[in-house]
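Beneath this line is the structure, given in C-alpha cells, with notes to follow.
Throughout, protein chains are lettered first and strands after them, A, B, ... in sequence-line order, and every chain is numbered starting at 1.
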There are 2 protein chains.
Amino acid sequence: MTGWEDVRTEVLRRIRAREWAPGAVIPGEEALAVEFGVARATVNRALRDLAEAGLLERRRKAGTRVAVLPVRKATLEISIIRQEVEARGESYSHRVLTQRMEVVPMAVALRMGVAAGMRLLFVETLHLAGGRPFAHEVRWLNPGVLPGGGIPDFGAVSANEWLVQNVAYTIGDIAFSAEAASREEAAALALAEGAPVFVTERMTWTAEAPITFVRLLHGPGYRLRTMV
Amino acid sequence: MTGWEDVRTEVLRRIRAREWAPGAVIPGEEALAVEFGVARATVNRALRDLAEAGLLERRRKAGTRVAVLPVRKATLEISIIRQEVEARGESYSHRVLTQRMEVVPMAVALRMGVAAGMRLLFVETLHLAGGRPFAHEVRWLNPGVLPGGGIPDFGAVSANEWLVQNVAYTIGDIAFSAEAASREEAAALALAEGAPVFVTERMTWTAEAPITFVRLLHGPGYRLRTMV
DNA sequence: ACTGCATTTATGTATAGACATAATAACGCC
DNA sequence: GGCGTTATTATGTCTATACATAAATGCAGT
C-alpha cells in the first residue's frame, strides 16, 4: 500500500490541487519520507519519476520545486512502417524504385556531416498498404557502416527494417513538417502536385559515423499520434 | 567509476557489438552484478533504464532479452508558443480573433466526449512572431473547469499559457498531420488557399472532465523536432 | 495426455545506512 | 562593500538485505 507509485500519486495530487503552487519549493525527501512513513529512497524514486515527466524541477541543494511552465513531454513510438501498416489490418509490401551510388546533394551532405561531392548509396522506396501507396521514402546510406561490405537486397526486406536488425543501435534525431508534394513525389504517392504531405526526416548516427538520412512522405490522412 | 551509468554503457556496448544478439536472453541481474562488482540494485537501475528506452524487454521470471525490433521512442517537448517564438529571437504577440460561447461541431463533441449540441467557449487566436503570423489556433474550452467561474482575459495572456498556469495538471493526447489550408485558415496565416499546413491537435482532460480541444496550424517552414 | 497446483526463479520494490556531489549560504578577509 | 573560501545541505547514488510478485516449470492426480 505504500509503494513509490503511491507516493507519486499523492505528490501529483498535491500539485494538481495546488497545495504546492507552481514555482514553490516542496518539502525535502527526508521530510516527505517521514510523513509518508517510507524510506527516503522510495520518495526519491517517486520524485525522480515526476521530474522526468517534467512536472518537478530538482536541483541539488536548491531542493525540489513545482515546474512553473511544465514542459509537456510527449513520447512518440517510431515504429517500422511494415508494423504500422499491419497494425491497420492491411497487407504491407514495398517497391524499390531506385538504388544506386550517387553524389549527395549539398543540403543532405550538410545534415549528414559528410564532405560535399561524396558518393553515398541512394535508395528510393515506395511503401504500399493493401496495394495502395502509403509512404514514399528517400534515403542516403553510408556504405561504410554496412557489415560484410556488400549491399543488401532491399527488395526482400525494407531498408529501415534491415538496418534496425543488422546495424548497431544508434542515436539520431527526427523532425516533422508539412510540405507541398513535388511533381515526382506526387506521382509516386498518386496525389496531385502541390498536395500537402506529412514529412518525416530522420538522421541516424553511430558513435563515430553518420549512417543514414531518411526523408519519408505520407499523403493526406496520415496522423502521427503520441502515446497516452 | 562503477556507477549505474557505467553498467548501462557496458550493456549498451554489448548490444551494439552483438555480443548479445537481438532476441537472446542476457545474464540475470545477479550474475551481472557479480561480474561488474556492483550491487544488484545498480544493475537493475541500468537495465530498467535501457528497457524504458526500448532496447531491452524484461519480464519477471522469463528474464531480460534484447529487443528484436527496438521501437524507437522519441520524446517531444511541447512548449508554449510564446517560448517557442522567443527562443527564435523574435518578439511574441497574439490577437484574439473570436471569443464566444458556441455549440460544438459534431466532430469536436465526439473527440471531447461531450454531448452533441453542448455549448462551449470557443476561442480563435492568431499567434505572431515579429509581427508576422506564426500560428493559428482554434480552441474549444469547457467553462466548467475554469476556477472562479469567470472567463479570463485571453487578450492579456494566451489561452494555453493561462490554462497551464491556472488549471490543474492534466492528461491528454496529441496528434500531428499535414493538411491543406482552408480559405479562412489561409487568410489568417497569410497563405494561399490549399497551402500545406502543419496541424497539431491536442485533447486535454482532467481525471473527470474534458478541458479543452485545440487545433493549431503552422504554415510552411515550421518543423517539429525531437530531442536527442 | 491433460489439468491444476505447487515450486522455483528472475525481476520488482522497499529499507537503512553511507558516501558523493553540486550549489547555495555563511563567513572572513581585504 | 566586494570577493574568494569554507561550511552546510538537498539531492544523487551505492550497498546489502529482505520480501513481493509474476510467470515458467515441474509434479501429481485424474
Contacts of B:F134 that satisfy ring pair (Phe, Tyr, Trp, His ring centres under 6.0 Å) - sequence neighbours left out = B:H218
For nucleotides 5-13 of chain C, 5' to 3', base contacts (B), sugar-phosphate-only contacts (S) and non-contacts (-) with protein non-hydrogen atoms under 4.0 Å give ----BBBBB
With sequence neighbours excluded, tell me which residues meet side-chain contact (heavy atoms from CB on, under 4.5 Å) with A:E5.
-> A:R8
Lys/Arg-Asp/Glu bridge criterion (N-O < 4.0 Å) met for A:R14, A:E10 = yes
CG of A:N142 to CZ of A:F213, rounded to nearest 0.5 Å, is 14.5 Å
Would you mind checking if A:E90 and A:R132 are paired as a salt bridge, meaning a charged N to carboxylate O distance below 4.0 Å?
-> no
